Amino acid sequence: MCRFLKHLKPLTVMTFAVFALPWRFTRGWVLCELCIYSGMAPPGLIYTSRADTGGIQETAQDDTVYVSRLYSESLLSKRNEVSLSAMCFLYQGIIAHFHKRSKTLQEFEGMLSEFGAKIGLRLLELLNFRSSISPTSASAASAANTARSNVYSSNISTPNLTKPSANSVAVRDSANLSDPQLDHSSSSMSAATPVTQEKRTSNTTANTASTVATGTTTPHNKNEYLSEHITKMKRRDLKILDILQFIHSTLWSYLFRHVSDDLVKSSERSNEFMIIDNNPILTQFINPSFNHNGSCDYFVCGIISGFLNNAGFPCDVTAHPVPQGEFERRTVFLIKFNDQVVERETLRYG
Amino acid sequence: MPQSRSSSLSSSNPANAPQVRHLKALGDDTWKNKVEKVNAEFFHLTYGTIVAQLCEEYAGDYARVNGELFQIGYNLGVRLIEDFLARTALPRCDTFLKTSEVVSKCAFKIFLNLTPEVAHWNAARDSFDLVFGENPLAEHVELPPGASGQLWFSNVLCGVLRGALEMVQLDCDVEFVSDTLRGDMSTDIRVKLNKVLRDEIPAGED
Amino acid sequence: MSIEAILIVNKSGGLIYHRDFNNKTSATHLNGNDYLILASTVHSVFAIASQVTPKALKLSPPKIDFTIPYHPYVGVPNPNSSNTSNRRTVSSQKLGSFKGPDFFNGPFTSWNKSGIRQLITDHFTMYIYQSLTGLKFVALGSSVAVLGKNAAVSNEVADNFLRKVYCVYSEYVMKDPFYSLEMPIKSKTFDQSVKSLVDNLL
């Protein structure tokens, strides 16, 4: 099994593991703790690792033995936070970087979109995983809290099929997601679970370890794996509306801590849908001039398109600023599915 | 020339303790009550993607990637300092020791919710290390083979520190000395003061 | 105190922002060039003033407290006021990346120790707030502050106010990737935020 998997590319392994292998079989394997690389995976090679090793080891004689500690990291949501300032400054740096390299506005938007797509494809796997956590899993109280709010929000908020011209009702899941108290309740619950910090070697001072501990808002059990809390994987979304619901609620609340303000189907074209954000938080400080009107929102477009394209729904996503009433920065993300997607939907579901 | 490095001064000097406590309290209070927050994982994913993109673009020339990250960080730092000063309105640091405490207890706390330790002061007291347990911007990251000896993943932080300190008239050299991603014990950033830019200190401050 | 104009001067003495808030006739209105001259003059005079400290004071400096006390809700709607419309504005208005009803809520130290802080004339009062990075925020007020305690209080209020302009600057100008440092500010969102600060002051 190890040798076979060694030769597959990381993403293929992930897909393979998700759809083919029953969970009980893979439970014993650390490999099933699918890690989302930040794009730094060694191409084409997977290394097995042992759960008890916490570091990178290289033997003196044979330096091809490489034990990655990536596989022993938990994918449970740690609910850590950074300041909005830091995120906006980073975003501003990234935009300036792309702006320097692009000659036309279209090129700039394309680069930003491609950049976002890389994040979107990773979030597809990660969020699907996290929303598969069974609500009854007792030991995952803190993790389930995150997952439950994500899972239930997609059930509570109903798909909004109003025509875009009518007043759209904002589908906000108020109780769970935008409530900052959730952070405190989850941290208090997880405090009850035993906290075992991964033991680093003796050279690091105790101070450093405690500094790391104070850095995270939720002390988490490093040996607690996401897979332990999943009894049944969430089924892949096959309907357009289901996956859009997932984006509108789970993805949006992961990114921006609130569900998107509206999900609308276009009345004119059957392959167009719109997700509306009244106040995009990443671009709220950027001056909207006619030169760059809405271009900086293409990052989020990229996230959505990366998400949808990799979920099997090829589409194009564009951003359009549409101020309305008191919301001057209101942005509409227009999702145009390829014709084959709509055809497929009609054939399968009538 | 090997310089003797000592552990953190602040904890040993009782005169500084109330000042340090005040800075820590300010940092904690600002983080808790006065700062809007976002999902840290999203932040790390975004940062990781830009590093990966640069690595791809420069096809293995990791020195150039480091340089580019530093430059991005520098442009970020010269702006970030205004946000920090507007938010905290801290008076000018009269010693480099105070600077180190402000950077570790307030600045990192307010922006990234981290409190690195200040350690390894040199004999001349003009260089210190910021010690992080894990690499602060690397969540679920593994360096590709070949990059391990060359790429400093979080080099943007060095740029940020250099840019920010330059705007308050402190010319410093900031660089990584160790990184847990490379298998080292801790992640260390060394900040060395070259000189205070006295000519550029704005008029009106004595 | 009503604010007539706000200027922002960069560290080289160049004017990067100016905005008038009064509705006076164009006869008393300065044109763009005049503002540039005003900015560089303020910058130079500010620097000269810091050199003019009498020698005696320099030899035995008196213990001056440079702490500026906090005046609550200067420039932002007061959530505790009896005015119900004010309360509604507070709940809907968010201060960008600043959490809470106000940008800051404690006393702070002035960075301006020997430069000009307040200039009182028969026709207007000028308040100057300088940041650690050399950026000067200048507010021109219409009312004439009477010398003495009133002048001190109005100076404190002005410092609180100008620090908020600094906060707004760090939000809407520093986080804008299309703004180049030291260049004139052309941001609609910045204009709007400054205007709301000034409006809330009255």
Side-chain angles (χ1 to χ4, degrees), chain B residues 19 22-23 25-38 43 50 72 74-94 98-99 102 106-107 110-113 160 163-170 196-206, chain C residues 11 13 43-51 53 57-58 61 66-68 70 94-100 102-117 128-136 159 163-171 173-177 179-182:
Chain B
Q19 269 186 11
H22 163 71
L23 284 173
L26 174 68
D28 290 342
D29 175 59
T30 312
W31 166 256
K32 226 171 98 177
N33 301 321
K34 305 216 186 77
V35 169
E36 288 288 352
K37 304 173 184 71
V38 293
F43 179 78
I50 191 86
I72 292 176
Y74 182 82
N75 292 329
L76 222 142
V78 299
R79 293 162 179 252
L80 190 123
I81 184 71
E82 309 278 7
D83 188 284
F84 178 70
L85 289 174
R87 229 174 257 277
T88 57
L90 284 169
R92 183 179 288 280
C93 296
D94 35 18
K98 186 98 188 286
T99 308
V102 168
C106 285
I110 290 173
F111 289 107
L112 296 177
N113 193 20
V160 169
L165 289 171
E166 199 172 290
M167 294 297 277
V168 282
Q169 300 89 34
L170 293 170
V196 178
L197 302 163
R198 292 204 187 278
D199 301 334
E200 290 179 33
I201 291 182
E205 289 188 55
D206 288 323
Chain C
K11 48 182 145 181
H43 178 81
S44 328
V45 171
F46 187 96
I48 293 169
S50 66
Q51 305 290 318
T53 321
L57 277 178
K58 275 195 183 156
F66 289 106
T67 317
I68 300 169
Y70 170 63
K94 295 198 107 193
L95 298 173
S97 66
F98 292 86
K99 196 164 151 183
D102 204 352
F103 289 97
F104 51 88
N105 58 4
F108 55 99
T109 326
S110 169
W111 289 306
N112 187 356
K113 294 191 168 64
S114 59
I116 300 178
R117 293 175 68 177
I128 306 179
Y129 176 81
Q130 184 176 245
S131 83
L132 208 59
T133 50
L135 205 62
K136 281 187 256 307
D159 271 333
R163 185 179 157 193
K164 287 181 196 182
V165 178
Y166 187 28
C167 291
V168 165
Y169 167 83
S170 77
E171 288 276 89
V173 180
M174 292 288 99
K175 295 191 177 99
D176 183 357
Y179 170 73
S180 333
L181 288 178
E182 312 286 308

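Reminder, nothing fancy here: chain letters follow the sequence lines and each chain counts from 1. Not measured: the values here are computed from a predicted model.
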Worksheet item: Going by heavy atoms in the side chains, are B/Lys37 and C/Lys99 under 4.5 Å from each other?
Response: yes
Worksheet item: Any chance the side chains of C/Ser170 and B/Arg87 put a donor and an acceptor closer than 3.5 Å?
Response: no
Discussion item. Quick one, C/Tyr166 and C/Thr133 - any side-chain contact, counting heavy atoms below 4.5 Å?
Written reply: yes
Worksheet item: Going by distance alone, is a donor N or O of one side chain under 3.5 Å from an acceptor N or O of the other, for C/Asn105 and B/Lys34?
Response: yes
Discussion item. Please classify the contact between B/Thr88 and chain C as side chain, backbone, both or neither, with a heavy-atom cut-off of under 4.5 Å.
Written reply: backbone
Worksheet item: Would a 4.5 Å heavy-atom cut-off, applied to side chains only, mark B/Gln169 and B/Asp199 as touching?
Response: no
Discussion item. Between B/Ala86, B/Pro91, B/Ala203, who has the most heavy-atom pairs with chain C when the cutoff is under 4.5 Å?
Written reply: B/Ala86
Worksheet item: Among B/Val35, B/Val168, B/Leu80, which has the most heavy-atom pairs under 4.5 Å with chain C?
Response: B/Val35
Discussion item. Taking every non-hydrogen pair under 4.5 Å, which of C/Ser97, C/Gly106, C/Gly96, C/Gly115 racks up the most with chain B?
Written reply: C/Ser97
Worksheet entry | Interchain contact, B/Leu90 with chain C, by part (heavy-atom threshold 4.5 Å) | backbone
Worksheet entry | chain B contact via C/Val173 - which portion, at a heavy-atom distance below 4.5 Å | backbone
Discussion item. Please classify the contact between B/Asn33 and chain C as side chain, backbone, both or neither, with a heavy-atom cut-off of under 4.5 Å.
Written reply: backbone
Item to complete: Just say parallel, tilted or perpendicular for the rings of C/Tyr129 and C/Trp111, cut-offs at 30° and 60°.
Response: tilted
